Amino acid sequence: PFFDAIFTQLNCQVSWFLPEGSKLVPVVKVAEVKGPAHHLLLGERVALNTLARCSGIASAAATAVEVARSTGWTGHVAGTRKTTPGFRLVEKYGLQVGGAACHRYDLGGMVMVKDNHVVAAGSMERAVLKARQAAGFSLKVEVECSSLEEAFRAAEAGADLVMLDNFKPEELHPTAATLKARFPSVSVEASGGVTLDNLTQFCGTHIDVISLGMLTQAAPALDFSLKLFAE
């Protein structure tokens with residue numbers, strides 16, 4: 001849609017030969033754009049940059065989902081808010097095309113209580129209370145925790161989700177199991193240090209969401225080019 005929008009602004013017509021989300025084996029022709037040469041050249045680089053960036057993220061997301069599903073895990077593979085300033089919509093869209101969850105689109109999608117918020121509020125309980133007051137009945141509240149004790153305090157204070165941040169896999173799963181045994185309705189997210197190489201180690205019965213910042217921060221752009229032909 002972003003590629004289309006750029007050439008629509010230039011009064012050019014785009015025809016796609018493959019549906020969005022198709023897995024490609026290079027080299028393959030994916031689309032044709034018709035219009036005056038000057039207009040095609042004006043749109044070429046910005047359209048290709050957008051397509052390449054979005055497709056790279058979609059590919060990384062699809063790989064992550066495939067890796068996670070290979071273990072039999074059925075939770076959510078998600079991105080994070082670690083997006084390029086001004087390019088969030090494109091990158092979040094790429095996550096969804098690749099089959100991953102975009103987590104929250106912006107700060108209004110869910111209230112996230114992080115370590116800095118706890119310090120600013122004075123305590124975990126006060127931070128969660130203020131977050132719950134701001135969220136009302138319609139938004140979920142998630143709390144970032146670095147220990148089982150913090151996770152218990154967050155759940156007791158009313159968190160809907162608990163993020164177990166930067167836990168090693170061998171610590172993550174028993175912590176999540178203990179938390180769920182006491183608070184079965186609380187969802188658990190694993191985040192921090194997750195890569196495509198170690199993703200399977202974070203998949204487990206008591207983990208509901210695994211988020212990877214690298215899907216938007218480190219995904220390589222795919223190589224697309226536009227070649228001009230006279231009719």
Side-chain angles (χ1 to χ4, degrees), residues 1-69 76-110 112 114 189 191-199 202 209-231:
F2 312 108
F3 188 94
D4 289 347
I6 291 163
F7 281 113
T8 296
Q9 290 289 317
L10 294 165
N11 295 314
C12 296
Q13 294 76 46
V14 180
S15 300
W16 292 93
F17 302 133
L18 294 163
E20 188 172 62
S22 297
K23 290 190 176 183
L24 307 180
V25 178
V27 174
V28 61
K29 185 177 179 181
V30 298
E32 184 175 81
V33 189
K34 289 188 176 184
H38 177 60
H39 290 192
L40 295 174
L41 295 174
L42 277 174
E44 175 184 7
R45 183 40 54 194
V46 66
L48 289 177
N49 284 350
T50 305
L51 181 62
R53 176 75 179 143
C54 192
S55 297
I57 290 171
S59 295
T63 299
V65 171
E66 188 176 327
V67 168
R69 295 290 175 261
H76 299 284
V77 175
T80 70
R81 284 202 330 57
K82 295 174 181 175
T83 53
T84 308
F87 218 55
R88 182 199 311 161
L89 177 62
V90 177
E91 295 177 353
K92 292 286 192 180
Y93 187 82
L95 289 172
Q96 293 192 317
V97 170
C102 71
H103 206 288
R104 48 184 182 151
Y105 179 71
D106 55 24
L107 292 174
M110 177 171 64
M112 174 82 79
K114 298 176 73 68
E189 175 179 343
S191 186
V194 187
T195 67
L196 294 179
D197 291 334
N198 66 13
L199 173 57
F202 290 84
V209 182
I210 301 175
S211 56
L212 300 85
M214 55 79 57
L215 295 181
T216 48
Q217 281 192 316
L222 296 195
D223 185 17
F224 288 93
S225 63
L226 187 149
K227 299 299 182 185
L228 209 61
F229 294 93
E231 269 195 318

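What you see is a predicted model, and the numbers here were worked out from it, not measured in a lab.
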Please list, one pair per line, the donor and acceptor atoms closer than 3.5 Å that link side chains of residues 90-109 to other protein atoms, with sequence neighbours excluded.
residue, atom, partner, partner atom, Å
E91, OE1, T84, N, 2.9
E91, OE2, R53, NE, 3.0
E91, OE2, R53, NH2, 3.1
E91, OE2, T84, OG1, 2.7
K92, NZ, T80, O, 3.0
K92, NZ, C102, O, 2.6
K92, NZ, R104, O, 2.9
Y93, OH, E20, OE1, 2.8
Y93, OH, E20, OE2, 3.2
H103, NE2, E189, OE1, 2.9
H103, NE2, E189, OE2, 3.1
R104, NH1, M110, O, 3.0
D106, OD1, G108, N, 3.0
D106, OD1, G109, N, 3.4

Next item on the list: Among L228, N49, L226, find the one that has a side chain to side chain contact (heavy atoms under 4.5 Å, CB included) with E44.
Entry: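 That would be L226; it is the only one of L228, N49, L226 passing the side chain to side chain contact (heavy atoms under 4.5 Å, CB included) with E44.
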Does [atom1] in [X] sit with more than 12 non-hydrogen atoms of other residues, nucleotides or ligands closer than 6.0 Å?
X: Q9; atom1: CD; answer: no
X: E66; atom1: CD; answer: no
X: N198; atom1: CG; answer: yes
X: H76; atom1: NE2; answer: no

Margin query: The test is side chain to side chain contact (heavy atoms under 4.5 Å, CB included); show your working for F87 and T83 and say whether it passes.
Written below: CA-CA 7 Å; F87 218 55; T83 53; over 6 Å; no
Next item on the list: Would you check, one step at a time, whether the test side chain to side chain contact (heavy atoms under 4.5 Å, CB included) holds for F3 with V33?
Entry: CA-CA 10 Å; F3 188 94; V33 189; 3.8 Å; yes
Indicate the atoms forming the closest heavy-atom contact of [X] with [Y], along with that distance.
X: L40; Y: C12; answer: CD2-SG, 3.9 Å
X: V77; Y: A68; answer: CG2-CB, 3.7 Å
X: G56; Y: A219; answer: O-CB, 3.7 Å
X: K29; Y: F17; answer: CE-CE1, 3.5 Å
X: S191; Y: S211; answer: OG-OG, 2.9 Å

Check: Does a side-chain heavy-atom distance below 4.5 Å link M214 with L196?
Finding: yes
Check: Can you tell if the side chain of F2 reaches within under 4.5 Å of the side chain of L89, non-hydrogen atoms only?
Finding: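 Yes, their side chains come closer than 4.5 Å.
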Approximate separation, where rounding is to 0.5 Å, of [X] [atom1] and [Y] [atom2]:
X: K34; Y: N11; atom1: NZ; atom2: CG; result: 16.0 Å
X: T195; Y: L212; atom1: OG1; atom2: CG; result: 7.5 Å
X: D4; Y: T50; atom1: CG; atom2: OG1; result: 11.5 Å

Next item on the list: Could you tell me which residues satisfy side-chain contact (heavy atoms from CB on, under 4.5 Å) with S55, sequence neighbours excluded, listed by chain and number?
Entry: L51, L222, F224
